[in-house]
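Throughout, protein chains are lettered first and strands after them, A, B, ... in sequence-line order, and every chain is numbered starting at 1. Excluded from the calculations below are hydrogen atoms, water molecules and symmetry mates; all remaining heavy atoms, backbone and side chain alike, are included. Fair warning: this is a prediction, and the values are worked out from it, not measured in the lab.
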Amino acid sequence: MAKELTPQAENYAQWYNDLVIKADMAENSAVRGSMVIKPYGYAIWEKMQAILDGMFKETGHENAYFPLFIPKSFFSKEASHVEGFAKECAIVTHYRLKNDPEKGIIVDPDAKLEEELIVRPTSETIIWDTYRKWVQSYRDLPILINQWANVVRWEMRTRLFLRTSEFLWQEGHTAHATRQEAVAEAEQMLRVYADFAENFMAMPVLTGVKSPNERFAGAVETYCIEALMQDGKALQAGTSHFLGQNFAKAFDVKFVNKENKQEYVWATSWGVSTRLIGALIMSHSDDNGLVLPPKLAPIQVVIVPIFRKEEELIAITEKVDGLIKDLKKKGISVKFDNRDTHKPGYKFAEWEMKGVPVRLAIGPRDLEKGTVEVARRDTLEKEVLQFIDIADKIENLLERIQKNIYQKALVFRDDNTFIVDTWEAFQDRIEKGGFVLAHWDGTPETEQKIKEETKATIRVIQPTAKPETGKCIYTGKPSPQRVVFAKSY
RNA sequence: CGGGGUAUAGCGUAGUCCGGUUAGCGCGCCUGCUUUGGGAGCAGGAGGUCGAGUGUUCGAAUCACUCUACCCCGACCA
């Protein structure tokens with residue numbers, strides 16, 4: 001009973017923390033705000049990486065790697081970019097330590113850097129400084145590059161996966177000859193993210209653009225996918241930015257177009273991070289632990305043998321050997337948990353905590369009857385099935401689980417999306433959580449005031465199929481469309 | 001950076017107010033036997049510079065001062 005989670009209903013934040021620790025995904029490290037990602041958590045990240053990486057390559061991108069350190073001066077080149085990141089930068093000032101007879105190891109004051117280095121909070125500056133050298137003609141464009149990297153943002157408060165001082169992510173940085181092409185790229189990558197969120201993470205997302213207040217520092221337009229967590233708070237799960245010519249101008253990246261005229265290059269950047277693991281957890285999991293969508297589960301099927309004697313284990317092993325091969329042939333990852341150091345009940349609880357989608361239990365009784373017990377993690381249902389054709393049945397079940405948890409999350413989101421027309425109803429609804437669709441007069445001032453009074457921000461402005469005019473919830477001024485408000489992570 | 005709190009074995013904690021033998025308990029860990037279809041039982045065992053430093057005292061986990069780290073609430077944020 002050592003591994004009980006705080007129930008969600010009692011304290012959602014505590015539940016989340018307990019789960020990350022007890023499912024063995026990550027733990028806090030000796031460095032404030034930085035976590036150790038443990039093998040099981042990292043395996044989930046590797047699955048995400050592999051799928052996203054494939055999608056990026058499918059859309060024509062290549063991977064490259066840029067330095068961790070960025071000269072301080074680079075940051076001052078794009079004004080709003082500096083403003084956005086200045087308050088959360090780690091800075092390298094020295095390059096050597098020395099022994100001090102009194103204080104032990106100290107920073108060698110003689111080893112001060114001429115120019116301090118910033119540990120990258122994002123790589124636009126160093127990348128655009130590099131792109132300058134790569135681009136002369138329209139024939140050099142587009143540049144479609146992604147990098148998998150770690151970045152550092154010195155956050156005041158951190159939470160495992162959701163906000164850590166150092167985090168892993170990917171950042172795409174593209175350069176284009178025209179505005180239209182860059183906008184199309186930013187929109188394309190938003191669709192890639194939405195596709196990944198919905199079809200792999202089984203997490204429904206709203207897509208659209210950010211309000212000016214919430215825009216990325218240096219962007220002309222920020223597109224985002226926005227998900228609703230089980231506690232009614234929104235989570236920004238991925239962003240794609242149309243950067244206009246801001247960085248090209250700041251770093252003087254020009255090209256000669258077909259008409260032999262100098263033009264600044266158009267840019268995009270886009271990223272998702274290990275925060276997605278937090279999103280995954282808070283989309284599907286329950287008081288028994290993690291619930292993973294089959295497409296991202298490091299282990300999709302676990303087989304727990306039930307045995308007293310060595311001979312029984314041998315018989316079971318023989319029985320499941322073919323099944324394991326069949327499943328692997330189908331690309332399904334299987335773990336045969338034949339440890340004799342733990343009892344079946346312990347294993348059941350452990351794999352439940354770790355969110356393995358399908359668990360098979362097989363013991364002497366099953367061997368006699370030619371059956372196997374199949375348990376699914378999402379519904380916690382168990383049934384005894386004939387062993388015949390079991391690999392096909394499991395393959396089918398995994399697909400059903402993937403669909404079911406998406407459907408469940410979708411219903412939850414729809415049940416927690418509200419249309420509100422009065423300020424009183426708005427305040428009340430925001431307090432209770434969920435997405436709130438309301439009219440807004442379009443000004444940053446109003447958004448700011450709403451944030452100050454309710455802590456809610458505009459999460460996303462969705463593209464409008466049918467514009468619905470109305471009056472701003474706060475000022476009563478005319479509004480062209482509803483926007484999505486929520487309290488967020 | 002403001003406000004509040006905590007620091008005792010791998011983890012969770014009792015003891016601190018009111019100083020006094022060997023710092024107690026649960027989980028986990030190790031050994032043995034019995035167990036194994038939902039987190040096993042019994043028996044034995046190992047494991048502690050009581051966050052760090054200084055002071056008060058015959059004597060400090062306990063009192064005083066200083067420092068450090070972490071947690072919670074705010075402002076900031078993927």
Review point. Less than 3.5 Å between a donor and an acceptor, one on the side chain of A/E352 and one on the base of B/rG38, is that the case here?
Key: yes

**Study point:** Nearest-nucleotide comparison on RNA chain B, the residue closer to the 5′ end among A/D340 and A/A349
**Key:** A/D340

Point to revise | B/rG38 base / A/R359 side chain donor-acceptor hit below 3.5 Å | key: yes

Exercise for review: Write down the distance separating the C1' atoms in B/rC42 and B/rC58, rounded off to the nearest Å.
Suggested key: 47 Å

Exercise for review: In whole angstrom, give me the gap between the P atoms of B/rG5 and B/rC11.
Suggested key: 25 Å

Point to revise | Axial cation check for A/F216 ring with A/K210, 6.0 Å and 45° limits | key: no

Practice item. Counting Watson-Crick and G-U wobble pairs only, both distances under 3.5 Å, name the nucleotide matched with B/rG39, or none. Key: none

Exercise for review: With C1' as the reference atom in both, quote the distance from B/rG51 to B/rA61 in angstrom, rounded to an integer.
Suggested key: 12 Å

Point to revise | Polar side-chain contact A/K382-B/rG38 base: donor and acceptor under 3.5 Å | key: yes

Review point. So what does A/F216 touch, heavy atoms closer than 4.0 Å: a base, only the sugar-phosphate, or nothing?
Key: nothing

Point to revise | Distance, rounded to the nearest Å, where A/D18 contributes CG and B/rC71 contributes C1' | key: 14 Å

Point to revise | Options B/rG39, B/rU36, B/rA78, nucleotide nearest the side-chain atoms of A/F167 | key: B/rA78

**Study point:** Nearest-Å distance for atom pair CD/P, residues A/E155 and B/rA75
**Key:** 14 Å

